Amino acid sequence: MSAQEIVREVDHSHMHVSDKMAIEIRDMNKWFGQFHVLRDINLTVYEGERIVICGPSGSGKSTLIRCINRLEEHQAGSIVVDGTELSSDLKNVDKVRSEVGMVFQHFNLFPHLSVLDNLTLAPIWVRKTPRKEAEEVAMQYLEKVKIPEQALKFPGQLSGGQQQRVAIARSLCMKPKIMLFDEPTSALDPEMIKEVLDTMIELAEEGMTMLVVTHEMGFAEKVANRVIFMDAGQIVEQNEPTEFFNNPKSDRTKLFLSQIL
Amino acid sequence: MPQTSYVRTEMVPERAPPPSTAGVIGWMRTNLFDGWMNSILTVISLAFVVWVLLSAVPWLISPTWNATSLQECWALIEAAGKPEGACWGVINERWPQMLYGFYPEELRIRPTLAFFLLFVALIPVLFNMISRRMNWLLLVLVLFGATFFAAASVLMVAVQVVLGAALAWLAYTVVTTKAGDRAEAIAAGASRLPNPLIFSALYVFLMPWLLWGGPIWSPIGAAMGFVLGWAAYRMLAAVIGNLGAIIAAFLVPVVWWLFLIGYFVSALSSVLPIGLEPVDSRLFGGLLLSVTIGVTAIAISLPLGIVLALGRQSDLMIVKSLSVMFIEFIRGVPLITLLFVASVLLNIFMPPGTNFDIILRVIIMATLFASAYMAEVIRGGLAALPRGQYEAADALGLDYWKAQRLIIMPQALKISIPGIVSTFIGLFKDTTLVSIIGLLDPLGIGNAIRSNAAWTGIVWELYGFIAFLFFVFTFSMSRYSMYLERRLRTDHG
């Protein structure tokens with residue numbers, strides 16, 4: 001199955017990039033001990049953008065998106081998410097986290113809670129939504145990711161693809177303005193990648209602002225409006241997908257593309 | 001030439017496994033006679049079990065139940081023409097002492113009631129399948145039964161009538177519920193009847209009152225400490241902020257319990273002298289003492305252990321070092337040392353004339369000791385959780401305490417169940433160490449009995465019975481933990 005085959009046709013009619021900034025990263029730097037993982041990152045994301053971040057492993061792409069909801073702390077520069085600057089002020093951090101959804105490579109569902117409880121936990125405890133209402137919303141999103149019949153099962157009873165779709169639905173239940181995807185299909189068997197990508201495409205078609213770290217280049221070509229290539233902790237090249245894939249400028253990008261395509 | 005091409009034309013239908021691998025025969029083959037080595041071991045083990053039973057059972061069955069001394073036992077065994085036998089007279093004569101120690105005989109209904117109420121209070125905590133109505137039914141049943149042991153009076157008859165009516169009504173609603181409607185009826189009953197956990201919370205104050213007696217204002221005053229703390233938090237949170245309110249919520253009850261509760265109790269007692277006859281701690285003994293110390297220490301050491309485990313993992317330097325120091329110090333010291341500190345040294349540090357109850361001191365030491373171990377067991381559970389669980393909780397915007405309460409602790413505690421229950425069982429058995437500081441736990445009572453001229457020289461029957469008493473408790477705990485592990489399994493079926 002080639003990359004192009006797993007990605008279905010995409011309806012672009014509702015994808016609008018507005019001129020309102022969703023995320024603004026200025027001169028951001030991060031170190032792990034002595035190791036300089038992110039160097040002088042400057043990135044502005046506008047509402048409605050679908051950005052795919054790619055690059056060799058260890059290039060800092062996961063760390064970058066994890067800085068956006070402060071799962072990792074940056075040491076220099078600034079990150080402003082939807083008008084809130086991320087700092088050591090925990091109130092700001094909590095505010096950003098409740099507006100930014102995140103999907104992980106290994107799903108990170110809560111195994112001791114049923115699928116429905118996984119979905120309603122944050123709305124009930126963070127947003128203070130009444131349980132009944134939270135459950136209704138959760139069922140809507142489970143229908144959206146096409147597994148409403150699994151609501152009362154536990155995550156351990158679902159397949160990897162179903163678990164990842166539950167994880168996406170869990171993030172959506174918080175009604176986020178921005179969605180971050182950290183290699184959402186890397187831990188999945190090939191036949192399950194498609195169902196997760198379909199869900200992500202559907203989300204993009206509705207106009208969600210998305211930052212996706214992935215190796216699915218078919219997804220990048222058809223869905224993204226911008227592809228960012230990172231290497232050695234830096235943004236090396238970014239462009240709109242057709243240009244990026246057909247006409248890469250830097251040698252590092254050319255080398256990377258030649259290795260994965 | 002190997003044949004490389006093959007196409008199946010027909011799919012194979014499902015078939016039953018061969019009979020020799022299924023059913024009783026299959027089970028015996030895989031578990032008892034799996035190969036000649038296993039078969040030999042099975043036969044040897046069976047022979048051993050039979051030999052043990054053949055030697056033990058005739059000894060156990062012995063007509064000595066009514067003997068009043070060891071010599072009488074021997075005479076009875078000889079008269080029955082048996083070479084040897086157990087001397088059960090000692091158990092018959094002394095079992096109330098092994099259960100209650102020197103607790104006044106006419107008041108023993110109180111610890112008995114406390115013991116049964118303990119189960120009523122524990123059921124809604126331990127099991128989630130019993131309905132509210134069944135739990136209240138159980139409570140009324142125990143109270144109703146207890147009234148028949150109390151001194152007869154007009155008031156008691158009135159109480160009996162009320163409880164009897166409540167019992168009849170509850171039993172009637174249970175009986176008239178059709179089996180098919182049970183789930184619905186339970187749900188409906190759940191909304192009508194108050195949560196039985198209310199009684200569990202009340203029991204915390206009820207138990208010491210039943211055991212030690214005294215004016216009813218003491219448990220009420222103790223409970224009021226919590227109410228005052230909560231009130232202080234609610235009133236001050238808006239004025240001086242969250243942290244200040246939390247500190248006040250700790251300080252107010254402590255000041256209340258240490259300095260003011262005495263005035264409260266004596267003032268109200270002089271107006272309304274309602275209470276139970278007080279019983280001195282020195283009279284506590286036997287299983288009553290073990291259960292009192294064990295249950296209290298178990299109930300407190302778990303939350304304390306959780307706090308210590310979290311403290312040890314904290315990013316806050318001082319909290320972390322204090323937790324580590326506490327845990328390492330307590331784990332580095334034998335429990336007996338702590339008990340000696342409790343019984344001897346602690347009094348030196350107290351202002352002269354303070355009467356700090358010996359059982360309370362022992363409970364504090366046993367609790368601290370168990371909580372240090374508990375903290376390490378729970379830390380093991382925390383360490384076993386994947387980092388992704390913390391990250392997912394963070395990413396959803398849950399703050400530290402919510403993440404701990406809803407995501408981290410339920411999983412960490414589940415992983416730690418075997419270790420936690422081992423610590424509980426160890427703690428319960430360690431309560432026998434109090435005999436060293438002169439408290440009469442079952443072993444201390446046993447020694448007292450053995451020093452009586454009539455029973456000098458008796459060993460197996462006495463210690464066997466004590467071992468049996470402990471085994472009932474520890475084995476129940478072990479089975480409960482297995483039930484809990486099964487109930488909390490979510491990875492399949």
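Since the structure is predicted, the reported quantities are computational estimates derived from the model, not experimental observations.
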[atom1]-[atom2] distance between [X] and [Y], expressed to the nearest 0.5 angstrom:
| X | Y | atom1 | atom2 | result |
| --- | --- | --- | --- | --- |
| A:His112 | B:Ile407 | NE2 | CD1 | 5.0 Å |
| A:Ile124 | B:Lys402 | CD1 | NZ | 12.0 Å |
| B:Leu398 | A:Trp125 | CG | CH2 | 10.0 Å |

[X], [atom1] atom: more than 12 neighbouring heavy atoms under 6.0 Å:
| X | atom1 | result |
| --- | --- | --- |
| B:Arg479 | CZ | no |
| B:Arg234 | CZ | no |
| B:Phe326 | CZ | yes |
| B:Phe250 | CZ | no |
| B:Ile198 | CD1 | yes |
| A:Trp31 | CH2 | yes |
| A:Asp189 | CG | yes |

So, the part of A:Val96 with a heavy atom under 4.5 Å from chain B: the answer is neither
Quick check on A:Leu109 against chain B: is it the side chain, the backbone, both or neither that has a heavy atom closer than 4.5 Å?
backbone
Minimal non-hydrogen separation, A:Val126 against B:Leu396, with atom names
CG2-O, 3.9 Å
Where do A:Phe104 and B:Ala392 come nearest, in terms of heavy atoms and distance?
CE1-CA, 3.8 Å
Side chains of A:Pro111 and B:Gln389, heavy atoms from C-beta outward: is any pair under 4.5 Å?
yes
Out of A:Leu121, A:Asp94, A:Leu180, which one racks up the most heavy-atom pairs below 4.5 Å with chain B?
A:Leu121
Determine yes or no for a side-chain-to-main-chain donor-acceptor pair under 3.5 angstrom, with B:Glu391 supplying the side chain and A:Arg66 the backbone.
no
